[in-house]
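Note on naming: letters A, B, ... go to the chains in the order of the sequence lines (proteins, then strands), and numbering restarts at 1 for each one. On a predicted model such as this, the values are computed, not experimentally measured, just so you know.
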Number of protein chains: 2
Amino acid sequence: MDAAPRQTRDVARPTMKDVAREAAVGLKTVSRVVNGEPGVSEATIARVRDVISRLGYRRDDAARELRNGQVASIGLILEDSTDPFYAHLVGAVQDVAQANGMLALTGTSDEDPAAERDLGLALCARRVQGLVIVPAPGADHHYLAPELAAGMAAVFVDRPPVGVRADTVLTDNRGGARAATAHLIAHGHRRIAFLADAPGIFTAALRREGYRDALAAAGIPADEALIAMETPLPEAVRAALRAFERLDRPPTALVTGNNRTTVAVLRALAQAAVRPAIVGFDDFELADLMTPPVTVVAQDPVGMGRAAAHALFRRLAGDDSPARSIELPTRLIARGSGETPPPTPG
Amino acid sequence: MDAAPRQTRDVARPTMKDVAREAAVGLKTVSRVVNGEPGVSEATIARVRDVISRLGYRRDDAARELRNGQVASIGLILEDSTDPFYAHLVGAVQDVAQANGMLALTGTSDEDPAAERDLGLALCARRVQGLVIVPAPGADHHYLAPELAAGMAAVFVDRPPVGVRADTVLTDNRGGARAATAHLIAHGHRRIAFLADAPGIFTAALRREGYRDALAAAGIPADEALIAMETPLPEAVRAALRAFERLDRPPTALVTGNNRTTVAVLRALAQAAVRPAIVGFDDFELADLMTPPVTVVAQDPVGMGRAAAHALFRRLAGDDSPARSIELPTRLIARGSGETPPPTPG
DNA sequence: CAGGGCACTGACAACGTTGTCAATCGTCCT
DNA sequence: AGGACGATTGACAACGTTGTCAGTGCCCTG
């Protein structure tokens, strides 16, 4: 399980000692110059600087961290970097980190709990001061307990942690799905299907609850045949749609539970004659250019990233109040696909 | 310029010494157990393991790196993580890194050369063994020279390095643009406009050359009024399109130089009565669901990421042959927008 | 029963950096 | 003139880990 390439590609890398010898000063003086500490004469500074650039010296953060206990950096664990939602989230976290003078080290778990764990431990081993985590499905975060006890901070995004307490930044999943469903009801639909990710996915389950809330509030009886919880793979989505069509009273409208499902549905229905009204959970880049443009309940990935980063830095600044949970609101963006009325029977 | 939160949040973190004392063994024995080295009795291993998990001990990679010279990790510097093209690229690099037992630390330059430099130096300070870099526009990589001399490996992706020699993985920009333009010519177009990113962008300039190649090969005189090189902002793209329309003989077809430009064009033309034929450079997720579906010259971000990572690992394995440049082919995907003939005059 | 080999174990130094503390020198005050 | 003070400087230890090397005790062979 260890690394494959194990060569000593290291040519002598100059150290402070080399600089000190070359500049004919003490080790500590070089350290002072490198770190901009006061108490060094201009002449000495110039001489040391000169030697540094001549030798191409670069301070070694490993030694620095060993000595100081830590170096300014945080870790960021994503579930999937190719999903635009997470891409925007990571962008926001990195911006905040950079503004705070922190290096953000990012890694991807690829939805694999074991990979998430390995990545988290590797970042901990590098003694990051904090961790922002988008948990992989089924992940267990007990492994973080010793780190948290040792003073590391952690913030979870999009899904709550399992097995440890920590700040969490979530979308108002239930409220958003409720709004999406209510929007379709307001436009006259009574047979509304819900198509989302597997029920084990935290967000998917909550969104289903929001869907049920809206139906109940409108006095529409829930029909389990109108609910499909599937991994958003093309075949699975196509199958679910076919099953809906075969029903005695097929749905006239559809709430999709995440952007991958939405896109899969659009693709499956691309050449369908009739198309149900659609409201998607989570916005996506070209929703406005679809025909018809797709109505969505938008999440705020940038806001989530920012909130998570701020929560993390608040902890790093010493805040040790109990773990908080932040919930960001969603926003319904009506574009057309969700405002078509149901076909009038007869 | 230093970090803001500077608290000592560190509670005593157990070290090998603590484990050794608690387990009543020597320091080196703990090290052996932690690293799975042979020569420790089963009983001792069990005892040490027990203490390790009881104390929540975690090996410190900083000390390890200081001692060993390095720890398995590579760095990855992106220009923009929210661009799907780069998102897929980073995914591929991370996959290969993981397969090689390496941790990939990713950061974003946000198209700022200074940020790229800072990030690169920070990763070097952490003594990553290699760096995969998507250069920010205008970046200068002289700063890497000492690192490369010290045995670090670097591979550049999508754009070549400036000021240092290193392996480079590029798209066949010129050939791709040539193919895109030739496709439109083959469908009868003679007035073909080219709309791409600023001419300072490496890829944009090459793609323009490919466009010119195709026109020349078909004996069509080049018309500078049909070439617009702009940052792909909505207003700039709209303005360029308006300028095209106002020409005496407006273009009947359009080659767009990157996916952001393509999308901006589609959005600007969304409610236009007549739409020129369009071929876009670089595929994008929902191109097939546009009306009409968008014909593109697809790049291979995953292939590029993989090629870059493999090149890097080859270097890490000791290959010190001269720097290579790898060029990946493009693939024209005809979907409809590029196959409409020009309107027959009269 | 001596000697050699083997399995297991631990003392120690060193990696590059920085905080602590002491030394040196020149200047200024009384 | 004597002492004090500030500015500048460097020697040294320690951070946590691992490679080297030197044991220790045991079993096996002759």
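- The side-chain heavy atoms of B/E116 and B/P135, taken from C-beta on, include a pair separated by under 4.5 Å.
- Looking at B/R315 and B/D320, no side-chain N of the basic residue comes within less than 4.0 Å of a carboxylate O on the acidic one, giving no salt bridge.
- Residues A/G107 and A/L119 come closest through the heavy atom pair C-CD2, 3.3 Å.
- Donor-acceptor pairing under 3.5 Å is recorded for the side chains of A/T106 and A/Q94.
- At the heavy-atom level, B/D61 lies nowhere under 4.0 Å from the strands shown.
- Regarding contacts with the backbone of C/dC8, every side-chain N or O of B/S41 stays at 4.0 angstrom or more from both OP1 and OP2.
- The pair A/D61-B/R126 meets the salt-bridge criterion, since a charged nitrogen lies less than 4.0 angstrom from a carboxylate oxygen.
- Expressed to the nearest 0.5 Å, how far CG of B/L78 lies from OG1 of B/T108 amounts to 5.5 Å.
- Rounded to whole angstrom, the span from the CZ atom of A/R32 across to the P atom of C/dC21 amounts to 14 Å.
- Nucleic acid contact class of B/V34 (heavy atoms, under 4.0 Å, all strands): none.
- With a heavy-atom cut-off of 4.0 Å to chain A, the contacted part of DNA chain D has its first and last nucleotide at D/dT8 to D/dG16.
- Residues B/Y57 and A/G39 both approach DNA chain D. Their nearest nucleotides, taken by heavy-atom distance, put A/G39 toward the 5′ side.
- Sequence order on DNA chain C of the closest nucleotides to B/E42 and B/L66 puts B/E42 first from the 5' end.
- If you find the closest nucleotide of DNA chain C to B/R127 and to B/T29, the one lying nearer the 5' end belongs to B/T29.
- Residue B/S31 is in base contact, counting any heavy-atom pair closer than 4.0 Å across all strands shown.
- The residue A/E65 sits apart from the nucleic acid: no heavy atom pair falls under 4.0 Å.
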